[in-house]
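To start, the structure under review is shown below, and the notes come after it.
Chain letters run A, B, ... following the sequence lines, proteins first and then strands; every chain starts at 1. A quick note: this is a predicted structure, and the numbers were derived from the prediction, not measured.
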Amino acid sequence: MSAERIAARRITIAGERALCDHRGALVFPEIGLLAVSDLHLEKGSSFARRRSFLPPYDTAATLDRLAAVIAAHDPAIVVSLGDSFHDGGGAARMPAVYRERLLALMAGRDWYWIAGNHDPEAPADLPGRTAAELAIGSLLFRHEPQRGAAAGEIAGHLHPGARIVRRGRSVRRACFACDGQRLIMPAFGALTGTLNVLDRAYAGLFSRDSLTAYMLGADRVYPIAGSLLAPA
Amino acid sequence: MNRQSPPAEPAAGTGLPEPFAGWFAARGWRPRPHQIELLARVSAGASALLIAPTGAGKTLAGFLPSLVDLATRPKRRPGMPARGVHTLYISPLKALAVDIERNLARPVADMALPVAIETRTGDTPTHKRQRQKHAPPDILLTTPEQLALLIAAPDAGRFFADLKFVVLDELHSLVTSKRGHLLALGLARLRRLRPELRALGLSATVAEPDALRRWLVGQNPPGAMADIVTVAGGARPHITILETEDRVPWSGHSARYAVPAVYEAIRAHRTTLLFVNTRSQAELLFGALWRVNDDNLPIALHHGSLDVAQRRRVEKAMETNSLRAVVATSTLDLGIDWGDVDLVVHVGAPKGASRLAQRIGRSNHRMDEPSRAILVPANRFEVMECRAALEANYLGAQDTPPLVDGALDVLAQHVLGSACAAPFAADALYEEVRSAAPYAGLERATFDRVVDFVATGGYALKTYERYARIRRARDGRWRIAHPRVAQQYRLNVGTIVEAPMLNVRYVRAGRGVAGRGGPVLGKVEESFLEALAPGDTFLFAGKVLRLEGIRENEAFVSNAAGSDALVPAYAGGKFPLSTYLADQVRGMLADPARWTALPDQVAEWLAIQAQKSVVPARGDLLVETFPRGDRHYMVAYPFEGRLAHQTLGMLLTRRLERAGARPLGFVASDYAIAVWGLRDIGRMARTGALGLDRLFDEDMLGDDLEAWLADSWLLKRTFRACALISGLIEKRHPGQEKTGRQVTVSADLIYDVLRTHEPDHILLQATRADAATGLLDVRRLGEMLSRIRGRIVHKHLDRISPLAVPIMLEIGREPVPGDAGEALLGEAADSLIEEAMGREGAQ
């Protein structure tokens, strides 16, 4: 297995087969569904409103990556798992050229905007369905993971990242956090940071012995057992 | 001040006005010629640079012109408006300002001069700062950051309306950094507010005094220089290299072999100051000394990461002469008085002749007595380096680094500060900025891009116009868009970007991160703690500590006395070997006649090298190739310092990769670089499959450098500093964020996005310029490659040469540099499978 260089890693969540794409998308091939979380589109312009001029290219970078995973997996259903825009005004602020690109990606697919804490309202003037949660089969898609939730919960919100220490060096990457029953997705947006999966914020969501961090590499996903992870 | 030499003659006819002449005479002192000369030149209206060794009465000399002027100033009558600041004193250290306040107070009180002296630093309480604004002292002692804040205030013009003198202390150390750039811009502003302003620079001996003379005055006309007064060096220092029967190690930096001899030296002197180059060396030496300290001598430790209270205790103890020795890093380099030190021991090579002179100046802090110093080389190359430094110090050689062009991120900060003070016209500000020597060559187009960056981020994509920080009004002048912008500026002023640090806090062993914990021991770089796992041990504050865990911005540690500390390679604070000293070492190596000055074992080592391989001529680059085990090695000896060698190593491995030599790794020291690989590099060179001239061609600084830089963490770290200084991202303030990580991550992300979408952005330009002289030392590498063109001497050997032993011993000690993250992840994932931990993952 270790030598096998596949870009996406196969896992099962609550019995459903899925693929973790190294770019941060989760794919259910049998359902034809692709999920991404925490796109945080228009984060740069959101900061600019407070006169902090982050590069205005984050939306373009995120859309490039989104186009790549959609092209690779050609899903019938796309779920954007909340915090799709960095703030409620993001969709309205998005430059027309990016809106066109997003619309082109959406065309011909069932597109779900799950409400997030940054964007509780439906994005302005964009097609797609809006929902607080979405249940498909045994899977339940929602933005914030809930303590004590049933198996099959797919959530985002926490921007999971993991860290390993080996030979005096430390490597930190965004990751899918999964215990076989539930999964938290990495943030997909270009300017999104990470929060270590061993942080207190994850308490009660997974036990460390059953946790695997699927760390995102340059061209593959590296599964690392919870017992091998280092705290933040 | 209280360290004037006893008089040889009466003080009559000194050329000093009363009450100064009387004050000197009453003490039986006599003013020194440079004090009189400086007074004469400055009183005649000139700015001046005073170059003098430690203990020459520099400070009094610097203040005499303003004290004399203040003494003769007409008394302020009731009803007259309050007078502004008369003299501004700027030093790089808060502690130095406090020290000067104390030292000036005495003569001022003795002569009953009507002069108020106050400090203003980051520690000054708000109410005092506010009071200083409407009732300023005559002499204000402050730092470059405080000056930036003062000139960015709307009342700056009024505050400085009476300013006549500015005294810049330790100028040699200020000018080489971004703080110096900020200060140069501040000085340019003061000159505009007060065209008659006179600047007095006080400096230790430097390689190029003219650069400092230009720095002190407006560059209109270009090349204008301040007057100069030079004090010849005092008594020649008495320096020796530690002689020991013990074997000098081949490599390493601990100098453990010398500890018994160093201890004996401490016993034989009153107070000894022990300098080392890095914090971890300080910790090691301190621990080793205490292990042999059978007499229980009071030996203390002082370095910048220790808790402030702890450092103050050590400093107090030094002042009262109650310590026998202090182990210190560069925190004690600058000119503060440290009691009666009668011996300086320098452990490890000094890396630069000027630095050595400065540190040795700490002993017998008075000019007319010789300083005593012992150099303790930690390995054989350092023996040569110490020898070279020693000869250089006797010759009075100087190797302070050359000044670099003013940084653009600092300029961005200053532009915003200018708008906070008052609306500015771009033309006028450009002229003012160019009058500061570091910015004399600044092009108008670059300046305009910086202004654009300050206004809206400077992006090609003009999407942020409506959120601008500064806007051009109808009269063409730039003003801040909102009062909040000025607030933002004040919180982010300054150019000192510290690596994210975590507090080190005591807890009881086994308690983990639960509970509140005990006292804080100091601060450690987050990046250092990153490489540790809970349970690992390390040396800090003179103790062996075990990491219990990290919570938020605190690292919890317990006592691990008795166990061996894992002493990690600490990269920060290592000075690279200076260009000048490197050349001296090459010269010594090339000339067997000079080996007699070296200890026998070192001379013998070089003699065997001459037999088994070759000893390179001064201008040549020796490249040795040999097999060892199942690897093939290439060792080169450029002597250009660790930073330049590391960059060279990255570039060489890329080229060897392309040439099919299958390199596996490299290691760099101050003196040499070793690359190893699977194919016989020596054979490839001899058969012409790989030309060494081609391999070391200067063109590696083109595309190869660009390609490597793109992903280098070094550049990301440099970018983060530029982003903070320029105001692209904000500094963290207590309570705002839990740790520095969020900033680190987002700076990296910003860098990635910017590099992909706007590689010519002004901040990336600033980052590359910084890296070229900073962490990558590209400039020096370039000079080396051009120096050795056509002068590569290749020696193919069937085994390792004596000269190669030190660098070969470094292999495996340092982790292989480079961006090996993916490889480590792969390993971790593999070990997961080995441990059969993969549940749903492995198919």
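Ionic pairing of B:Lys462 and B:Asp452 is present here: one or more N-O contacts between side-chain nitrogen and carboxylate oxygen are shorter than 4.0 angstrom.
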Step-by-step side-chain hydrogen bond (donor to acceptor under 3.5 Å, both in side chains) determination, B:Glu465 to B:Thr456: CA-CA 6 Å; B:Glu465 298 289 349; B:Thr456 58; 4.6 Å; no
Please test A:Asp87 against A:Ser46 for side-chain hydrogen bond (donor to acceptor under 3.5 Å, both in side chains), starting from the C-alpha separation and ending with a verdict. CA-CA 7 Å; A:Asp87 63 72; A:Ser46 184; 2.7 Å; yes
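Looking at B:Thr756, neither its backbone nor its side chain comes within 4.5 Å of chain A, counting heavy atoms on both sides. Looking at B:Ala460, both its backbone and its side chain come within 4.5 Å of chain A, counting heavy atoms on both sides. Proximity to chain A (any heavy atom under 4.5 Å) is restricted, for B:Ala468, to the backbone atoms N, CA, C and O.
Both cation-pi conditions hold for A:Arg50 and A:Phe47: the charged atom is under 6.0 angstrom from the six-membered ring centre and inside a 45 degree cone around its axis.
Here the side chain of B:Tyr464 pairs no donor or acceptor atom with the backbone of B:Tyr459 at under 3.5 angstrom. Side-chain N or O atoms of B:Asn492 include none that pairs as donor or acceptor with a backbone N or O of B:Gly727 at under 3.5 Å.
Shown here is A:Arg17, whose CZ atom has no more than 12 heavy atoms of other residues, nucleotides or ligands within 6.0 Å.
For a heavy-atom cut-off of 4.5 Å, chain B lies close to A:Ala60, A:Ala61, A:Asp64 in residues 60-71 of chain A.
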